[in-house]
Amino acid sequence: MGKERGRGRRNHQSRPYNKSNWRGQKKDRPQHNGGPRNRSAPQQKSTLLENQVGITEFTNADAPGFTGILKSRFSDFHVNEIDTEGHVLELNDSTVPKAAVEVVDPEKLVEWRKELEEVIGPEVWKDIASLAEAKFDPKTEQKVEIDVSSLDKDKRTKIHQLVKQLYTGKLVSTTMGQPQAKEKPQEEQQVKGKEEPLVPPVEEKKTIRIMKPKHGRGDNRWNFPGEYVTFLVHKTNIDTGEVASTLASRLNLRPSQVNYCGTKDKRAKTTQNFSIKHRSPESIIKAARAIRNVFFGNFNFRSTTLRLGDLQGNRFRIALRHIAKERQADIEASLESLKERGFINYYGLQRFGNSASVPTYEVGVALLKRDYKLACELILKPRDTDIEFMRAIRAEWWEKRDSAAAAAKFYGDKFIEKKLLDGLARFGETDYSSALRQIPRNMLMLYPHAYQSLIFNRIASRRIKEFGLKLIPGDLVYVEQSEPMEEDNPVEPAETEAVEETDEDLADVEEDVDAISLEEESVFKRKVRPLSEEDIASGKYKLSDVVLPLPGHDITYPANECGAWYAEMMAEVGLSSELLKHKEKTYALAGAYRKMIIQPNDLKWSFRRYNTPEDTLIASDFELMKGIPITPEPSEEEAKYLALVLEFSLPTAAYATMLLRELFKQDTSTATQMQLEQEAMIKKEDEEPTATPTETRIVEETVVEPEKEVVAEVVAGL
């Protein structure tokens, strides 16, 4: 008889194995028995490649490239946030602080009781003592209420302290406020001989309620040194937003009340800072038990909350597998070149989705041109990169245009597609504008911002291709003492990056532009200035100082040939800077600036030997804190494979994959990386034809390893 399945549990093994439902499934493995293997590469879906989004140039195209496998495992990619003071945040303290309760001397408590006798007499104290000894009864209201309207805050605090210290764990107290009307004197109601209607001012009646605590709850009075508790979150294979929303749900908060400085990679091991107001570390740890692969620690307290952008950047530790041993000299040369010249600050592929048939910037163009029908159809259009359940929903809507039926097939409400379908069902199948407004603005603006990113990438490529790595008159630099105004998007589920500056940030900029007066409308234009011949000759500026605009209606463009390129590229799709002002404020793009070249800080590297694809090459914060050893490095004679381990820091809004691309001199898309790894494994297998059955299993498993599951839509999972 087969095993019984748990009640209410879905049968995840009801379908054949595929990458979209791998959890808990047994993989079908062909029996080879020494016969020839099928060497054909897996069928590739129409995923975006770098040259399709303007990523084409290098800072040193002559430097030798090499092949390395990125993110073969989650443990190959580590990201640690760098705070505003330049400290790299590491999870290394699992202590859970307790509330600091100051114990009052018993003699002082006696003095307080005498001082408060007018409000709390012997009979009241007797009632309080009886309540403390009574058994908890959820069916009755067990409480003692004391009118303390005549007492100031200090005396009310003394009552709370008396209850807490005399009846620890048995009673809790809280101050209740209730507005009450107070009649004005008659003379105040007479104004110039006329009697006005009685308008009683509000006076608050205050009551201290003393009651039995519910089971599992104690005194929730805040007794910590700051209003906000901060803590580090170390996570693996989960979005920052998902951690925040789950915490909020468990702590009875809105998601916006769980704050962090920026999102980090999903498919990685990352550490970052969070802050929450008036929730104890103990309650946060308890809520965290509901989240898998997440660890909390390093609790602290502060008077203000964390905000998006409150960081200097990120520290990366990355292992690149399947490095050719004979290429070590070339690799060293490439790394030295990177250290000297930096890399082009392109927007990475995750900015544009992973579907070549429907890149996110096409939706952005439709929104900017006010073609809301086309925008909706592009968002809901079927594509071969979809995960299984999404493919069926899109296909049904595309054929039947029944939004309510399609929306009903979703579990939960986190998908943009679900929100759009709900809007169409609510407002009508042809009210596309209203339906789009059902999508939160920060999510909706992913699309116009993707179009801005495409233009930036294309301009950067053309600028490097035509003028190389030299400064030219008209290049833009920030005005001295001016704060950079870059924009980037961590809200989208970035598969290979930690990117901090947000679309919400740019949205705030755009709203600020609308708020300022016309004579001040050029405030953002004055953030930069063009370089003159004298500036260049002075040697004061480097190419890494140059910024390129993201197109907008209130932005300064380069005072050279590059400035004209913006108008040309926008005209290709029927747009202009003026049209980006947009009649609907939601879609207006003021513009922003972004560095063209980034130089990594504190770049280090080393080579690491290993034997199997499952070997752990970099210790995570959690492993270091708990003293968990990673896979020992084999000797040079025993080792089968070689990895390159990189460490470097990047400022906010820079993509680590673009740094790696400068080293590889090849496409860094997920599809390319998977194909390269399969080829590397097959090549290694050919070199070892006598592989044992165990070794053969590892080779086959690596090709379909669950960690390589490709997310089908940039907005799926938000």
Side-chain angles (χ1 to χ4, degrees), residues 47-72 76-77 79 265 267-268 314 316-324 327 330-354 356 359 453-454 456-465 468-469 488 494-499 543-544 548 594-601 603 605 643-651 653-677 680 710:
T47 55
L48 272 175
L49 299 177
E50 290 175 347
N51 59 8
Q52 294 173 300
V53 291
I55 303 173
T56 60
E57 305 303 313
F58 301 97
T59 56
N60 186 0
D62 297 327
F66 60 93
T67 298
I69 307 303
L70 172 64
K71 279 199 175 181
S72 178
D76 289 347
F77 202 96
V79 186
D265 305 59
R267 300 168 57 77
N314 296 284
F316 293 85
R317 292 179 296 152
I318 299 173
L320 303 174
R321 295 182 184 247
H322 295 293
I323 297 295
R327 298 294 308 281
D330 288 341
I331 293 170
E332 296 270 3
S334 293
L335 287 163
E336 291 293 349
S337 172
L338 173 65
K339 201 170 186 177
E340 178 187 350
R341 301 190 182 198
F343 63 97
I344 304 172
N345 193 22
Y346 286 124
Y347 284 97
L349 283 172
Q350 64 270 35
R351 185 73 166 182
F352 308 98
N354 70 337
S453 304
L454 174 70
F456 176 92
N457 283 359
R458 291 180 62 190
I459 294 288
S461 290
R462 189 170 173 182
R463 166 68 174 78
I464 296 296
K465 184 176 181 178
L469 301 183
D488 210 291
E495 288 303 298
T496 49
E497 298 309 320
V499 203
L543 195 64
S544 56
L548 291 176
R594 179 177 174 86
K595 288 287 185 74
M596 182 174 71
I597 299 292
I598 294 290
Q599 287 189 297
N601 293 324
L603 174 62
W605 61 85
L644 172 65
V645 178
L646 298 174
E647 291 188 43
F648 55 89
S649 298
L650 294 180
Y655 285 69
T657 44
M658 295 299 99
L659 177 148
L660 297 174
R661 173 185 175 273
E662 182 67 36
L663 292 174
F664 292 157
K665 299 295 187 291
Q666 64 184 7
D667 194 293
T668 59
S669 65
T670 304
T672 301
Q673 290 297 306
M674 289 177 66
Q675 186 173 4
L676 286 172
E677 182 166 27
V710 178

K.L.:
Atom CG of Leu548 and atom NZ of Lys595: how far apart are they, to the nearest 0.5 Å?
P.N.:
11.5 Å
K.L.:
Find out whether the Lys NZ or Arg CZ of Arg594 is both under 6.0 angstrom from the six-membered ring centre of Phe456 and within 45° of the ring's axis.
P.N.:
yes
K.L.:
So, do Phe343 and Leu338 sit near enough that their side-chain heavy atoms are less than 4.5 Å apart?
P.N.:
yes
K.L.:
To the nearest 0.5 Å, what is the distance between OG1 (Thr67) and CZ (Arg327)?
P.N.:
7.5 Å
K.L.:
Do Ser334 side-chain atoms and Pro64 backbone N/O form a donor-acceptor pair below 3.5 Å?
P.N.:
yes
K.L.:
Would you name the heavy atoms of Ala268 and Lys71 that are closest together and state the gap between them?
P.N.:
CB-NZ, 4.2 Å
K.L.:
Would you call Glu50 and Leu349 a side-chain contact if the rule is heavy atoms closer than 4.5 Å?
P.N.:
yes
K.L.:
With a 4.5 Å heavy-atom cut-off, do Tyr346 and Ile55 have their side chains touching?
P.N.:
yes
K.L.:
Do Gln350 and Tyr655 have side chains that get closer than 4.5 Å, going by heavy atoms?
P.N.:
yes
K.L.:
Output the distance between atom CZ (Phe316) and atom CG (Asp265), rounded to the nearest 0.5 Å.
P.N.:
6.5 Å
K.L.:
Using modelled atom types only, decide if a donor and an acceptor are shared between the side chain of Asn457 and the backbone of Tyr347 within a distance under 3.5 Å.
P.N.:
yes
K.L.:
Atom CD1 in Ile344, atom CE in Met596: separation rounded to 0.5 Å?
P.N.:
8.0 Å
K.L.:
Whether the side chain of Thr59 engages the backbone of Gly342 through a donor-acceptor N/O pair (distance < 3.5 Å, no angle test) should be reported.
P.N.:
yes
K.L.:
Looking at side-chain heavy atoms only, is the closest gap between Leu70 and Asp76 below 4.5 Å?
P.N.:
no
K.L.:
Closest heavy-atom contact between Ala656 and Ile318?
P.N.:
CB-CD1, 4.4 Å
K.L.:
List the atom of Lys339, the atom of Gln599, and the distance in Å for their closest heavy-atom pair.
P.N.:
O-NE2, 3.8 Å
K.L.:
Which distance, rounded to the nearest 0.5 Å, do you find between the CG of Leu646 and the CZ of Phe77?
P.N.:
10.5 Å
K.L.:
Compare every heavy atom of Arg351 with every heavy atom of Ser453, then report the nearest pair and how far apart it is.
P.N.:
OG-NE, 2.7 Å
K.L.:
If only atom types and distance count, is the side chain of Glu662 paired as donor or acceptor with the main-chain N or O of Asn60 below 3.5 Å?
P.N.:
yes
K.L.:
Check whether any side-chain heavy atom of Trp605 lies under 4.5 Å from a side-chain heavy atom of Ile331, and answer yes or no.
P.N.:
no
K.L.:
Show your reasoning for whether side-chain contact (heavy atoms from CB on, under 4.5 Å) applies to Val53 and Leu454.
P.N.:
CA-CA 6 Å; Val53 291; Leu454 174 70; 4.3 Å; yes
K.L.:
If you take all heavy atoms of Arg321 and Ala643, which pair is closest and at what distance?
P.N.:
CA-CB, 4.2 Å
K.L.:
Quick check: closest heavy atoms across Leu644 and Ile323, and the distance to 0.1 Å?
P.N.:
N-CG1, 3.6 Å
K.L.:
Looking at CG of Asn345 and CG of Leu659, how far apart are the two atoms once the value is rounded to the nearest 0.5 Å?
P.N.:
10.5 Å
